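Some notes on the structure that comes next.
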Amino acid sequence: MFHQLEEQLRASFAQFLSANYGLEAQVVVEQPKQSSFGEFALPIAFSLARQLRKAPKAIAEELVAKMPAIPGVAALEVAGNGYINVRLQRGHYARALLSGSAAALNPAAGKVIVEHTNINPNKAAHIGHLRNSVLGDTFVRMLRSAGRRVEVQNYIDNTGVQVADVVVGFHYLEKKPVEEVKALIAQPKFDYYCWDLYARTSQHYTANPEAIQWRRDTLHAIEHGEGTLAEIGHLVADAIVERHIDTMWRLAIAYDVFPRESEILHLKFWAKAFEQLKERKAVYLVEEGKNQGCWVMAASHFREGASEAASDDDAKVIVRSNGTVTYVGKDIAYQMWKFGLLGLDFHYKPLRVYPDGHQAWVATDEPCDLPAPAFGGGAEVYNVIDSRQSYLQDVVVAGLRALGYDKQAEHSIHFSYEMVALSPRTCVELGIPLSEEDRKRPYVEVSGRKGLGVKADDLIDKLIEKARAEVDSRHPDKAEAERVRVATQIAIGALRYFLLKFTRNTVIAFDLQEALSFEGETGPYVQYAAVRARNILRKLEERGGALPDFSQLDEAALARQLQAEDFWQLLIAASKSGSALDSALSSGEPAAMARYAFQLAQAFNAFYHDYPILAEENPEKRTFLLWLAVYFKEQLERTLDQVLGIPVPDYM
RNA sequence: GGGACCGUAGCUCAGCUGGAUAGAGCAUCUGCCUUCUAAGCAGAGGGUCGCAGGUUCGAGUCCUGCCGGUCCUACCA
C-alpha cells in the first residue's frame with residue numbers, strides 16, 4: 001500500500017514535469033528524516049535548480065502551487081531550502097488498508113535457483129555454516145513472499161578431499177572395517193564423531209607428511225567408486241548429509257534437491273562441459289611452465305585488467321596435469337546445468353519427506369521409477385557462498401561468458417557473505433587456546449581442520465536451554481511439552497535474528513553472550529511484540545468479548561482516530577512491510593528485512609505501553625485500537641514467520 | 001606485487017541510487033510493574049563519521065592520495 005502510493009507520487013510528478021516543463025527528470029521519493037514532516041519527501045527542486053536556474057525554494061513553491069491534486073494526498077508542503085513534503089489523507093489511507101485493496105503481486109517470470117548450505121559432508125555443521133543457511137533460506141523466503149518461483153539446491157561435494165580425510169581416519173588410523181563404520185553411523189551424533197576424527201587426521205598429516213599418500217589413494221578410490229575406501233566414503237557422506245538435514249530443519253530450513261558431485265562425474269556432466277569449453281577455446285592446454293600439462297582458463301577471462309598476453313602461470317587450472325578436474329571445473333558444469341545449458345540431467349530419487357510433507361530429492365546416476373519434478377533450468381541463479389571464494393565464482397561466471405552465454409553469466413549471482421569468526425572472549429569460554437597475538441585480534445577464525453568452532457547443534461541446544469529457563473519461570477503452570485515447544489521457538493528466533501542482523505559483508509565475531517541475549521535488538525524482542533498483540537486478543541476473548549466488526553470504521557471515523565500522531569505512525573510503519581520487502585530484495589540484504597521487523601516491534605511496544613486497549617471506554621476508539629492491533633499483528637507475523645522464518649510463540 | 005572489502009558513540013553495528021539536527025542495540029546512570037505479561041517503556045550522558053585534498057547548492061555516502069586492518073591471488077575447496 002505504502003509502496004503503491006510512493007510509485008504513484010513518482011509517476012504524478014514525472015508526468016507533471018514532462019507536460020509543463022518538458023523535463024524528463026528522475027523523481028526521487030524519500031522518507032523524511034522526521035516523521036513530523038509527513039510521509040514522503042521529494043528533493044526534486046534541488047536537482048531542477050541547475051537546469052531552471054532558479055533557487056530550489058522558488059521551484060518547490062511553484063511546483064506545489066501548480067501541481068494538480070493527487071488521490072490520497074492531503075497536502076504538499078515546502079520545507080527547508082526546497083524540500084517538498086507530502087502528507088497523506090489518513091482516513092483514506094487507513095480505509096484502503098482496512099478493505100484490503102492491496103495491489104496484486106506482479107512477479108517476474110522464470111524460476112529462481114538458490115543454492116545454499118553446501119557443507120562438506122564429513123563433519124558436524126558449525127556456526128559459519130549456519131550463517132550461510134540462514135541467509136540463503138531467508139533470501140528464498142523473501143523471493144517467495146514476492147511471488148517468485150524458487151528452487152532450493154544444496155550441492156553435496158561427496159567425492160572431495162574433506163570426505164577422503166575422514167575415510168582415511170576410519171580406515172588407516174582407526175582401522176575400522178565397513179561393519180564398524182556402519183555401527184557408528186547408527187549411533188547418535190555421528191557427525192560429532194567425524195568432527196573429531198577429521199581434526200585428528202589433519203593433525204596426523206602435519207606430523208607425518210608421508211601419510212598424505214593415503215589421501216591420494218582414497219580420493220582415487222572414491223572417484224572410481226570401487227573398494228572398501230569408496231564404500232566407506234559413500235556411507236559417511238550420505239550419513240552426514242542426513243545429520244545436516246536434521247540440523248537445518250531444527251531452524252525450519254529445507255531443500256528441494258541435492259545435486260551431488262559424484263553424479264556430476266558419473267553422468268558425464270563434466271565431460272560434456274569440457275567439450276564445449278575446448279570447442280569455444282575457453283580453455284587451452286599449457287605446453288610449458290609451472291602449469292605444463294594442465295588445461296587452463298586465461299586470466300583475461302575472469303580478472304579485470306589482466307592483459308590478453310598474461311602468462312600461462314596466471315591462468316586458472318581447470319584440469320590438472322594428471323587429467324583430473326578441479327572443483328571449479330565441476331562447478332562450471334553444475335552452473336551450466338542450473339541454467340539448462342548442458343543438455344544433460346541427473347536422475348533423482350526421494351531423499352527425505354519433511355514433517356510438513358515437503359519432499360526433497362537427491363541426484364543419482366541410475367533411473368528411478370518415481371517421477372521427480374523438473375529441476376534445474378533456472379532463469380536466475382543465486383549461489384550463497386562465502387566471500388573468500390569470490391575468485392572461484394568469478395571463474396565460473398567467466399566460463400559461462402567464454403561459452404557465449406552472456407545472459408546467463410549476467411544472471412549468475414554470487415550471493416556472498418563474510419565469515420563467522422569467534423570473539424576472543426568466547427574462545428576463552430570454550431577452552432580454545434589463544435596465542436598472544438590472537439588475544440589482541442578482534443576475532444579468531446574457526447578451523448574445521450583444527451576442530452575449532454561452535455557446532456550448530458550445540459549452539460541450538462544452549463539457546464533452547466536458556467529459553468527454557470525463562471519460560472519455566474514465567475509459565476510454571478503450562479505442560480512441559482508445551483514449554484519445550486515455546487522455548488524452541490524462542491531459540492530459533494534468537495539464532496536466526498542474530499545471524500541476520502548483520503549485513504552480508506560484515507564479519508561476525510561470534511560472541512556467545514551476545515548470541516544468547518534475548519533483550520534489545522534480538523529475535524525474542526520482536527517475537528515478544530507479536531505475542532503481546534496476541535495477548536490482547538486472547539484476553540478480550542477470555543473476558544467474554546469478541547472482535548468488533550471493523551467495517552463499521554468508515555473513513556471519517558478512521559480520520560478522527562488517526563489525528564493522534566502515535567496511531568498514525570504505527571499504522572504507517574506496519575503498512576510498510578511490502579515496501580521493506582521490496583527494498584531488501586533489490587539490495588539483496590536480508591538484514592534490512594530483519595531491521596524492519598525490529599523497528600516495527602519497537603513502534604508497537606511503545607504503543608502497547610501507552611494505550612491500554614481493553615480498558616478503552618470510547619467505543620469508536622476501542623474498535624479502532626483493536627483494528628490497529630490486529631493489523632499490526634498480521635503484518636508482523638507475516639514478516640516474522642513467512643519472510644524471516646522466525647516462528648511466533650503462543651505466549652512468552 | 002596485483003585484486004576486493006572494511007575504518008561511524010566505550011563495545012557491536014545500521015545509514016537505500018549524494019539531501020533537512022548522523023541513528024539503533026549493548027554497557028553506564030535516572031525513573032516506571034494493584035493495568036492487555038517489565039524478554040518491556042520513558043529519559044540522560046556519550047561523535048574531529050581513520051587522515052588530507054578534490055568534485056557541488058549540498059559529502060558519512062562520489063573521486064584521488066595517505067594511514068590502519070582483513071580476505072583473496074593453489075595442479076585445496
Side-chain angles (χ1 to χ4, degrees), chain A residues 26 28 30-34 37 41 43 46-47 49-50 55-56 79-83 85 118 120 157 160-162 290-296 299 303-306 314 316-322 324-328 331 385-392 394 416 418-419 421 423 441-443 445 467 470-471 474-475 490 494 501-503 505-509 511 513-514 517-525 527-529 531-540 542-543 583-584 586-587 589 591-592 595 598-599 602 605-616 629 651-652:
Chain A
Q26 185 81 28
V28 174
E30 299 173 353
Q31 285 164 46
K33 274 254 179 319
Q34 288 178 45
F37 290 161
F46 296 108
S47 48
R50 213 166 312 158
N81 294 326
Y83 267 96
N85 289 335
N118 300 6
N120 265 301
D157 180 9
V161 172
Q162 294 211 25
K290 74 166 185 168
N291 289 331
Q292 185 179 9
C294 298
W295 286 85
V296 304
R303 194 176 296 153
E304 197 90 5
D314 290 337
K316 175 63 195 168
V317 171
I318 305 296
V319 178
R320 303 183 185 98
S321 52
N322 68 1
T324 58
V325 59
T326 59
Y327 183 88
V328 198
D331 221 15
I385 298 174
D386 86 74
S387 62
R388 286 173 292 190
Q389 296 191 45
S390 62
Y391 167 68
L392 283 309
D394 287 346
S416 76
E418 278 291 347
M419 63 176 169
S423 74
R441 289 160 160 269
Y443 50 79
E445 213 173 322
E470 298 283 342
V471 174
R474 284 157 214 246
H475 304 281
I490 292 169
K501 73 193 242 186
F502 302 92
T503 50
N505 68 353
T506 299
V507 176
I508 299 181
D511 188 84
Q513 236 163 291
E514 209 185 310
S517 166
F518 294 166
E519 286 163 24
E521 197 193 338
T522 65
Y525 174 95
Q527 289 172 312
Y528 191 55
V531 165
R532 283 177 140 179
R534 283 189 176 179
N535 281 348
I536 295 170
L537 306 179
R538 198 187 55 226
K539 212 69 175 189
L540 175 74
E542 277 172 20
R543 293 178 185 178
S583 78
S586 67
S587 62
E589 274 299 357
R595 189 159 290 272
F598 173 66
Q599 283 165 352
Q602 263 186 324
N605 272 331
F607 165 80
Y608 177 91
H609 183 265
D610 292 341
Y611 305 96
I613 296 177
L614 299 183
E616 178 55 51
Y651 56 87
M652 280 178 78

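The shown structure was predicted, so the numbers you read here are calculated from the model rather than taken from an experiment. Chain letters run A, B, ... following the sequence lines, proteins first, then strands; residues in each count from 1.
Looking at residues two or more places apart in sequence or on another chain, you find a ring pair (Phe, Tyr, Trp, His ring centres under 6.0 Å) between A:Tyr525 and A:Phe598. Considering only residues two or more places apart in sequence or on other chains, A:Thr324 meets the side chain to side chain contact (heavy atoms under 4.5 Å, CB included) condition with A:Glu223, A:Arg320, A:Asn322.
Look at the C1' atom in both B:U48 and B:A44: the space between them is 24 Å, to the nearest Å. Comparing B:U21 with B:G31, their C1' atoms are spaced 27 Å from each other, to the whole Å. Annotation: B:G60 and B:U8 have their C1' atoms spaced 7 Å apart (nearest Å). Only the P atoms considered, B:G10 is 22 Å distant from B:C6, to the nearest whole Å. The separation of B:G68 from B:U37, taken at their C1' atoms, amounts to 49 Å, rounded to a whole angstrom. Rounded to a whole angstrom, the distance from the C1' atom of B:C57 to that of B:U64 is 23 Å. For B:C41 and B:A24, the P atoms lie 13 Å apart once the distance is rounded to whole Å.
Using a 4.0 Å heavy-atom criterion, one finds that A:Asp331 contacts no nucleic acid atom at all. Residue A:Leu392 is classed as a base contact, given a heavy-atom separation below 4.0 Å to a base. Nucleic acid contact class of A:Phe518 (heavy atoms, under 4.0 Å, all strands): base. A:Tyr611 comes within 4.0 angstrom of a nucleotide base, judged by non-hydrogen atoms across all strands. Using a 4.0 Å heavy-atom criterion, one finds that A:Arg538 contacts no nucleic acid atom at all. Looking at heavy-atom distances under 4.0 Å, A:Asn605 makes contact with sugar-phosphate atoms alone, never a base. Residue A:Asn85 is classed as a base contact, given a heavy-atom separation below 4.0 Å to a base. Using a 4.0 Å heavy-atom cutoff across all strands shown, A:Phe37 reaches at least one base atom of the nucleic acid. Using a 4.0 Å heavy-atom criterion, one finds that A:Arg534 contacts no nucleic acid atom at all. Residue-level contact check: A:Ala592 touches neither bases nor backbone, having no heavy atom under 4.0 Å from any strand. Across all strands shown, A:Val325 has no heavy atoms under 4.0 Å from either base or sugar-phosphate atoms. Base contact: A:Ile490 has a heavy atom under 4.0 Å from a base atom. No engagement by A:Ala49 is indicated, since no non-hydrogen atom pair under 4.0 Å with the nucleic acid exists.
The NZ atom of A:Lys539 lies 9.0 Å from the CG atom of A:Leu614; values are rounded to the nearest 0.5 Å. Here the CD-NZ distance, from A:Glu521 to A:Lys501, works out to 5.0 Å after rounding to the nearest 0.5 Å. Taken to the nearest 0.5 Å, the CG atom of A:Asn118 stands 9.0 Å off from the CG atom of A:Asp157. In this structure, A:Phe518 CZ and A:Met652 CE are separated by 8.0 Å, a value rounded to the nearest 0.5 Å. A:Ile613 CD1 to A:Leu537 CG: the interatomic distance, rounded to the nearest 0.5 Å, is 8.0 Å.
One can place NZ of A:Lys290 at 9 Å from C1' of B:C75, the figure rounded to the nearest angstrom. Distance, A:Glu519 CD to B:A39 C1': 6 Å, rounded to whole Å. If you measure from atom CZ of A:Arg474 to atom P of B:A38, you get 10 Å, rounded to the nearest angstrom. Regarding A:Asn535, its CG atom lies at a distance of 13 Å from the C1' atom of B:A38, rounded to whole Å. One atom, OH of A:Tyr608, and another, P of B:C36, lie 8 Å apart when rounded to the nearest Å. Nucleotide B:C26 holds its C1' atom 11 Å from the CG atom of A:Asp511, rounded to whole Å. A straight line from CD of A:Glu542 to P of B:U37 spans 9 Å, rounded to a whole angstrom. Whole-Å rounding puts the A:Arg388 CZ to B:C72 P distance at 7 Å.
Using a 4.5 Å cut-off on side-chain heavy atoms (C-beta onward), A:Tyr443 and A:Met419 make contact.
Distance from the side chain of A:Lys316 is smallest to B:A74 among B:G25, B:A74, B:A39. Listed candidates were B:C57, B:U70, B:A39. Nearest to the side chain of A:Pro524 is B:A39.
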B/S/- along nucleotides 5-18 of chain B (protein heavy atoms under 4.0 Å) is SS-----SSS----

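Using the Watson-Crick or G-U wobble rule with both distances under 3.5 Å, B:C11 pairs with B:G25. Across all strands shown, B:G31 forms a Watson-Crick or G-U wobble pair with B:C41, both key distances being under 3.5 Å. Pairing for B:C5 is with B:G69, a Watson-Crick or G-U wobble pair whose two hydrogen-bonding atom distances lie under 3.5 Å. Pair check for B:U64 finds B:A52; Watson-Crick or G-U wobble, both atom distances under 3.5 Å. Base-pair partner of B:A20: not found among the strands shown (Watson-Crick or G-U wobble, both distances under 3.5 Å).
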Check: Hey, mind stepping through A:Lys316 and A:Leu392 against side-chain contact (heavy atoms from CB on, under 4.5 Å) and telling me if it holds?
Finding: CA-CA 9 Å; A:Lys316 175 63 195 168; A:Leu392 283 309; 4.2 Å; yes

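No hydrogens or angles considered: nothing links the side chains of A:Arg532 and A:Asn535 as a donor-acceptor pair under 3.5 Å.
Closest-nucleotide positions on RNA chain B for A:Asn291 and A:Tyr525 were compared, and the one nearer the 5' end corresponds to A:Tyr525. Of the residues near RNA chain B, A:Ser387 and A:Gln34, the one whose nearest nucleotide (by heavy atom distance) lies more toward the 5' end is A:Gln34.
More than 90° away from 0 lies the glycosidic angle of B:C57, which makes this nucleotide anti.
Between B:C26 and A:Gln513, no contact under 4.0 Å exists linking OP1 or OP2 to a side-chain N or O.
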